[in-house]
Novice: 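Shown below is the structure under consideration.
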Protein chains: 2
Amino acid sequence: MIILLLSHYGTIVITFKILTKFFSNFARATAYQCMPIMKDLNDFFSVKDRYIPQLSVDCVIFGFHDQQLKVLLLKLKNLDVWALPGGYVEQIEGIDEAARRILEERTGLTDIYLEQFRVFGAAHRPTKEFIQKIMEVHRPEAKNDLWVLQRFVSIGYYALVDFSKVTPMPDFLSESCEWFEVKQLPKLAFDHSEITQKALETLRLMLDYKLVGFNLLAETFTMIELQSLYETILETSFRRNNFQRKMLSMNILERVEKLYTGAANKAPYLYRFKSK
Amino acid sequence: MIILLLSHYGTIVITFKILTKFFSNFARATAYQCMPIMKDLNDFFSVKDRYIPQLSVDCVIFGFHDQQLKVLLLKLKNLDVWALPGGYVEQIEGIDEAARRILEERTGLTDIYLEQFRVFGAAHRPTKEFIQKIMEVHRPEAKNDLWVLQRFVSIGYYALVDFSKVTPMPDFLSESCEWFEVKQLPKLAFDHSEITQKALETLRLMLDYKLVGFNLLAETFTMIELQSLYETILETSFRRNNFQRKMLSMNILERVEKLYTGAANKAPYLYRFKSK
DNA sequence: GCAAAAGTGTTAATCGTACACCCATGC
DNA sequence: GCATGGGTGTACGATTAACACTTTTGC
């Protein structure tokens with residue numbers, strides 16, 4: 001664990017921050033369980049008119065941890081498959097807002113970097129089969145003409161989040177919510193493998209076009225962290241000095257203070273993304 | 001008009017081709033008017049169940065002619081606005097197929113370069129107002145709860161077509177179908193200005209990433225034509241020789257024969273996109 | 001002082017750009 | 001032959017990659 005030492009009293013400040021974060025996350029998690037919308041299956045099966053029919057949103061939430069690019073997945077209750085966090089679009093909300101709502105429910109984060117990247121709308125997407133399986137688990141008596149059993153067109157979003165700030169929270173259909181390395185995904189429901197794959201391709205493309213990588217790191221980060229992020233996602237390697245020069249030449253980073261890790265070497269500088 | 005001379009008898013061959021093309025387009029145009037689906041308003045208002053509700057497709061069809069990038073637009077009957085070709089997604093077809101169907105109906109072309117680029121799904125897209133106006137023109141007695149009056153989420157596609165091969169054909173809601181220069185668009189209905197703008201941005205981005213420009217030209221083209229295409233879309237200018245080197249270095253063009261225009265200068269080579 | 005890791009500086013190679021020149025064509 | 005426009009070759013500058021070196025830190 002890295003500790004940021006501003007002064008000798010710094011450690012205490014940081015530890016305090018971690019504790020506050022933990023408790024606020026806890027409070028948030030319980031708060032969500034009381035939310036009036038789609039909190040359980042009864043809502044899920046009765047609120048058809050609340051949503052735009054046959055349209056869903058799937059989110060590929062990327063995080064970076066332990067030198068690995070990760071994706072947040074939900075384990076469907078009593079089924080041996082995982083799925084991307086997703087949901088439906090309310091009649092009164094925009095599609096981006098819907099994605100944000102879903103993201104906040106699963107991660108507890110607001111103000112997330114979010115982009116749509118593709119619509120998945122093939123005539124024979126394998127949605128019906130899975131929804132049917134899910135229903136067998138939860139509501140074997142449900143009718144066959146239920147709205148969720150129709151064909152669905154899904155808008156794919158990808159999100160870049162600060163791994164350390166996320167408190168994964170499962171929804172009412174799933175029993176757990178965990179990070180998986182993109183290179184080692186479990187068996188995914190629906191066409192979520194394809195969706196994840198496309199999201200990753202888009203992320204790679206955007207990375208050198210738009211410099212969005214910072215969103216995967218904490219507010220301040222070392223150059224090495226940034227470099228290893230780029231190297232992991234793009235599956236290449238750069239020279240330390242050249243990478244640094246390239247990043248700094250873009251004039252979007254500002255150097256903050258030094259990071260003392262306790263290691264017997266020169267302390268690296270921390271950088272922050274210039275917001276303006 | 002450029003004439004391709006393979007031999008002294010070439011002119012006749014070419015002229016013949018032009019004539020055949022003209023007649024086949026004419027035949028196709030009349031054929032479409034007999035198509036069973038959505039051929040008129042009666043169909044339009046009665047076939048609700050055929051389509052996925054609240055979901056539409058809008059196509060930004062790009063063409064290149066006279067050194068200008070053009071977009072194909074429809075003039076709505078009795079209204080002073082133009083609109084992008086669009087339509088709805090049938091329950092039995094994929095979204096890409098829907099876009100292709102719409103494209104074929106308006107241009108007569110199959111096998112078109114087509115990509116989705118963004119979904120427009122803000123909660124308050126100005127669709128209702130325009131559909132209401134359209135209905136006042138066509139069906140003033142129609143009920144207010146008609147399916148087309150709901151909120152719609154629209155998937156934006158952009159298409160790159162060979163201008164010379166297109167025979168613009170209006171649909172039953174419009175009185176004409178014409179090309180407009182992207183720099184001088186008329187008043188557009190709905191949020192179609194925004195959609196067109198985003199399509200153009202995506203096209204510019206894709207142009208140097210994926211080399212899709214060829215789809216806007218005929219099968220064979222001169223290097224100068226390709227260059228002027230790039231210059232027009234990207235709004236820059238390149239050096240003749242450097243542009244050529246860059247293009248040829250990518251190893252995706254093959255040189256075919258020379259093009260004799262009758263001008264008193266060296267005949268340029270024609271190039272073709274290597275399909276494999 | 002030394003090892004480890006970060007930071008800086010300097011050279012070599014590559015790429016893009018600008019310029020000059022050569023070639024084919026019709027009058 | 002000459003004007004016109006297309007094609008090719010080369011030199012220059014900028015950007016990028018590779019290498020060497022210096023600085024900071026804890027033991």
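When reading the values below, keep in mind they use all heavy atoms of this one structure, side chains included, and skip hydrogens, waters and symmetry mates. First the proteins, then the strands, lettered A, B, ... as listed; each starts at 1.
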Novice: Starting at atom NZ of A:Lys246, determine the distance to atom P of D:dT16, rounded to an integer number of angstrom.
Specialist: 7 Å

Novice: From CG of A:Leu226 over to P of C:dG7, roughly how many Å is that when rounded to an integer?
Specialist: 12 Å

Novice: Just the rounded figure in Å: distance from P of D:dT8 to CE of B:Met247.
Specialist: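 Distance check: B:Met247 CE to D:dT8 P gives 16 Å.
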
Novice: For the side chain of B:Tyr271, counting heavy atoms from C-beta on, which of D:dG6, D:dG7, C:dT8 is nearest?
Specialist: D:dG7

Novice: A:Ala267 side chain: which of C:dA18, D:dT25, C:dG7 is closest?
Specialist: D:dT25

Novice: Listed by chain and number, what are the side-chain contact (heavy atoms from CB on, under 4.5 Å) partners of A:Val119, not counting sequence neighbours?
Specialist: A:Val153, B:Ile95, B:Gln116, B:Val119, B:Ile155

Novice: Could you please name the option among C:dG7, D:dG7, C:dT17 that lies closest to any side-chain atom of B:Arg245?
Specialist: C:dT17

Novice: I'd like to check A:Tyr271 versus A:Thr220 (side-chain heavy atoms, cut-off strictly below 4.5 Å). Are they in contact?
Specialist: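 No - every pair of side-chain heavy atoms lies 4.5 Å or more apart.
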
Novice: In whole angstrom, what separates A:Leu270's CG from C:dA5's C1'?
Specialist: 15 Å

Novice: Please give, in whole Å, the distance from D:dA18 P to A:Arg239 CZ?
Specialist: 4 Å

Novice: Between C:dG7, D:dG7, C:dA18, which one does the side chain of B:Arg255 approach most closely?
Specialist: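 For B:Arg255, the side-chain atoms sit closest to D:dG7.
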
Novice: Rounding to a whole Å, what distance do you find between A:Glu225:CD and C:dA6:C1'?
Specialist: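 Those two atoms, CD and C1', are 14 Å apart.
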
Novice: For the base of D:dG7, is there a side-chain donor-acceptor partner from B:Arg240 under 3.5 Å away?
Specialist: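 Such a pair exists between side chain and base.
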
Novice: Between B:Gln68 and B:Gln184, is there a side-chain heavy-atom distance shorter than 4.5 Å?
Specialist: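 Side chain of B:Gln184 against side chain of B:Gln68, heavy atoms only: no contact under 4.5 Å found.
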
Novice: Is there side-chain contact between A:Glu178 and A:Lys75, with at least one heavy-atom pair below 4.5 Å?
Specialist: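 No, side chains not in contact.
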
Novice: Could you tell me whether A:Phe238 contacts a base, only the sugar-phosphate backbone, or nothing, with contacts defined as non-hydrogen atoms closer than 4.0 Å?
Specialist: nothing

Novice: Would you kindly give the CE-to-C1' distance between A:Met223 and D:dT23, to the nearest whole Å?
Specialist: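 Between C1' of D:dT23 and CE of A:Met223: 17 Å.
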
Novice: Using the test salt bridge (Lys or Arg N to Asp or Glu O under 4.0 Å), find all partners of A:Arg239 that sit at least two apart in sequence or belong to another chain.
Specialist: none

Novice: I need the CD-C1' distance between B:Gln244 and D:dG7, as an integer number of Å.
Specialist: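 Spelled out: CD on B:Gln244 to C1' on D:dG7 is 6 Å.
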
Novice: Between D:dA17, D:dG6, C:dT8, spot the one nearest the side chain of A:Asn242, thanks.
Specialist: D:dA17

